[in-house]
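Everything below concerns the one structure shown next.
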Amino acid sequence: MKKMILTKDEKKAIPFILPGVLVTALLIVYPLCYVIVMSFSDNAMGGGGFAGFANYTRLFKNPMFTKTIGNTLKWTVGTVSVSFILGTFYAMLINRKGLMAKGFWRSAIFIAWIIPGVVKATAWKWLFTTDGGMVNEMLMQTGIIQDPIPWLTSPKFALAAIIVVQIWACSPYVMLMMTAGLQQLPADLYESADLDGANWYQKLCYITMPLLKDISFICILMLLVWAINEFSLIWIMTNGSQNTTTLSLLVYNQFKVLNLNAASASAVMQLLVTMVFAVLYVKFVVKED
């Protein structure tokens, strides 16, 4: 085994790197390890006896956990896939030649991203109000519906409603990233494709998206993390009721009643779900050329 030898410059860099490493360990590594220990403990503060997988067994036997996993999967797949597609569509529209006021349109779309999450959730909660909400009023005025739809008070519509809000909030981030990538693509490739008679779909599949693979990877990975960890939007709009409880809300509800061991087990499961999504995406979508 080859012995690793640090160069003189690398040794000089250690004192500058060490504070950041210590802060990271204090704020991330230690709490993570502590939560894992608590999930295997029978004491609320992790100082009791070893409980084995008892907390996880109770969690899996809880019917609410199964439903929560299903809601989390629907929420994550729905928000990530549509946010990425819609954001990429925005980017391609803005990057089109001949479009006037590109900066204005980019800024107008990006407003949804920079608005604080609490403000977004509160505004959309008002818009989706059953009686007097702007969404129902517009749909009834145009004759699309006859009676108000209980967007946030019915299990049939609540999850779809908050997914729409998350898509509206996250797609501008994808637009900004993909726009930056599109502006760096070499024009001669598209000119050659035009000479070969390629249509827009062929250029999209064989030129644009392959060249934007790295940016797409970052966008989708960030969307995955944000979706699985999202709390404030769901909590403000539905309180986790009407079949909208995800793993982040399950952890909060268990912590609220001081069931810290169960909350720790749920938090570990949330971490594992995030890792599973990330690993599957990297394995099956991101491929080396």
Side-chain angles (χ1 to χ4, degrees), residues 75-121 123-124 127 135 160-234 274 277-289:
W75 161 265
T76 302
V77 173
T79 57
V80 171
S81 58
V82 181
S83 293
F84 180 75
I85 294 172
L86 186 60
T88 304
F89 176 72
Y90 286 154
M92 291 181 176
L93 280 181
I94 291 176
N95 199 56
R96 284 176 63 89
K97 294 180 180 179
L99 179 67
M100 300 179 63
K102 290 185 178 182
F104 169 77
W105 294 115
R106 189 182 297 114
S107 300
I109 296 172
F110 198 64
I111 287 175
W113 169 253
I114 62 178
I115 296 175
V118 175
V119 177
K120 285 184 282 197
W124 276 98
L127 291 173
V135 173
I162 61 175
I163 286 176
V164 168
V165 179
Q166 180 76 352
I167 292 170
W168 171 80
C170 292
S171 57
Y173 167 79
V174 179
M175 176 208 68
L176 190 68
M177 296 288 287
M178 298 297 276
T179 300
L182 287 169
Q183 292 174 349
Q184 303 300 318
L185 298 183
D188 57 329
L189 291 179
Y190 292 94
E191 294 171 359
S192 300
D194 289 332
L195 292 175
D196 291 336
N199 56 37
W200 69 270
Y201 181 75
Q202 291 171 324
K203 288 186 283 187
L204 175 67
C205 294
Y206 298 108
I207 299 177
T208 305
M209 295 313 297
L211 291 176
L212 294 176
K213 181 183 68 174
D214 293 337
I215 296 178
S216 300
F217 168 74
I218 295 172
C219 289
I220 293 179
L221 202 58
M222 294 301 296
L223 290 172
L224 280 171
V225 173
W226 290 334
I228 295 175
N229 293 323
E230 180 59 51
F231 172 82
S232 60
L233 187 147
I234 304 173
T274 305
F277 269 110
V279 170
L280 290 177
Y281 174 68
V282 171
K283 183 176 182 179
F284 293 108
V285 180
V286 180
K287 299 178 181 179
E288 294 295 333
D289 295 332

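Not measured: the values here are computed from a predicted model. Quick note: residue numbers are just sequence positions, from 1.
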Rounded distance (nearest 0.5 Å) linking atom CG of Asp188 with atom CG of Leu195: 11.0 Å
Just how far is it from atom CD1 of Ile218 to atom CE of Met177, taken to the nearest 0.5 Å? 5.0 Å
Contact summary for Phe84 and Ile220, nearest pair of heavy atoms: CD1-CG1, 3.8 Å
Carefully, step by step, assess Met178 and Leu212 under the rule side-chain contact (heavy atoms from CB on, under 4.5 Å). CA-CA 8 Å; Met178 298 297 276; Leu212 294 176; 3.7 Å; yes
Nearest heavy-atom pair of Ala169 and Pro172: which atoms, and what distance? O-CD, 3.6 Å
For Leu127, which residues count as a side chain to side chain contact (heavy atoms under 4.5 Å, CB included) partner, sequence neighbours excluded? Trp124, Met134, Val135
Using the ring-ring contact (aromatic ring centres under 6.0 Å, His included) criterion, which residues pair with Tyr173? Sequence neighbours excluded. Trp113, Trp226
So, taking the atom named OG1 in Thr179 and the one named CD in Gln184, what distance separates them when rounded to the nearest 0.5 Å? 11.5 Å
Which atom pair, heavy atoms only, marks the closest approach of Met175 to Ala91? O-CB, 3.7 Å
Please lay out, stage by stage, how Tyr90 and Leu86 fare under the test side-chain contact (heavy atoms from CB on, under 4.5 Å). CA-CA 6 Å; Tyr90 286 154; Leu86 186 60; 3.6 Å; yes
As an exercise, state the distance from CG of Leu93 to CZ of Arg96, rounded to the nearest 0.5 Å. 7.0 Å
Below 4.5 Å, heavy atoms only, C-beta onward: do Leu233 and Lys120 meet side chain to side chain? no
side-chain contact (heavy atoms from CB on, under 4.5 Å) assessment of Thr208 paired with Leu185: CA-CA 8 Å; Thr208 305; Leu185 298 183; 4.2 Å; yes
On a heavy-atom basis, which atom in Gln202 and which in Gly197 lie closest, and how many Å separate them? OE1-O, 4.2 Å
Minimal heavy-atom distance between Ser83 and Ile167, with the atoms involved, is OG-CA, 3.3 Å
Report, as yes or no, whether the 6.0 Å neighbourhood of atom OH on Tyr190 holds more than 12 heavy atoms from other residues, nucleotides or ligands. yes
Expected output: side-chain Asp196 to main-chain Ala198 donor-acceptor under 3.5 Å: no
Any chance you could measure Thr274, atom OG1, to Ile228, atom CD1, to the nearest 0.5 Å? 3.5 Å
Contacts of Lys102 that satisfy salt bridge (charged side-chain N to carboxylate O under 4.0 Å, His left out) - sequence neighbours left out: none
Passes side-chain contact (heavy atoms from CB on, under 4.5 Å), Asp194 versus Lys203? Steps please. CA-CA 9 Å; Asp194 289 332; Lys203 288 186 283 187; 2.9 Å; yes
What pair of heavy atoms forms the shortest contact from Ile163 to Gly78, and how long is it? CG2-C, 4.3 Å
Taking the side chain as C-beta and beyond, is there a heavy-atom pair between Ile162 and Thr79 under 4.5 Å? no
Rounded to the nearest 0.5 Å, what separation is found between the CG atom of Leu176 and the CZ atom of Arg106? 7.5 Å
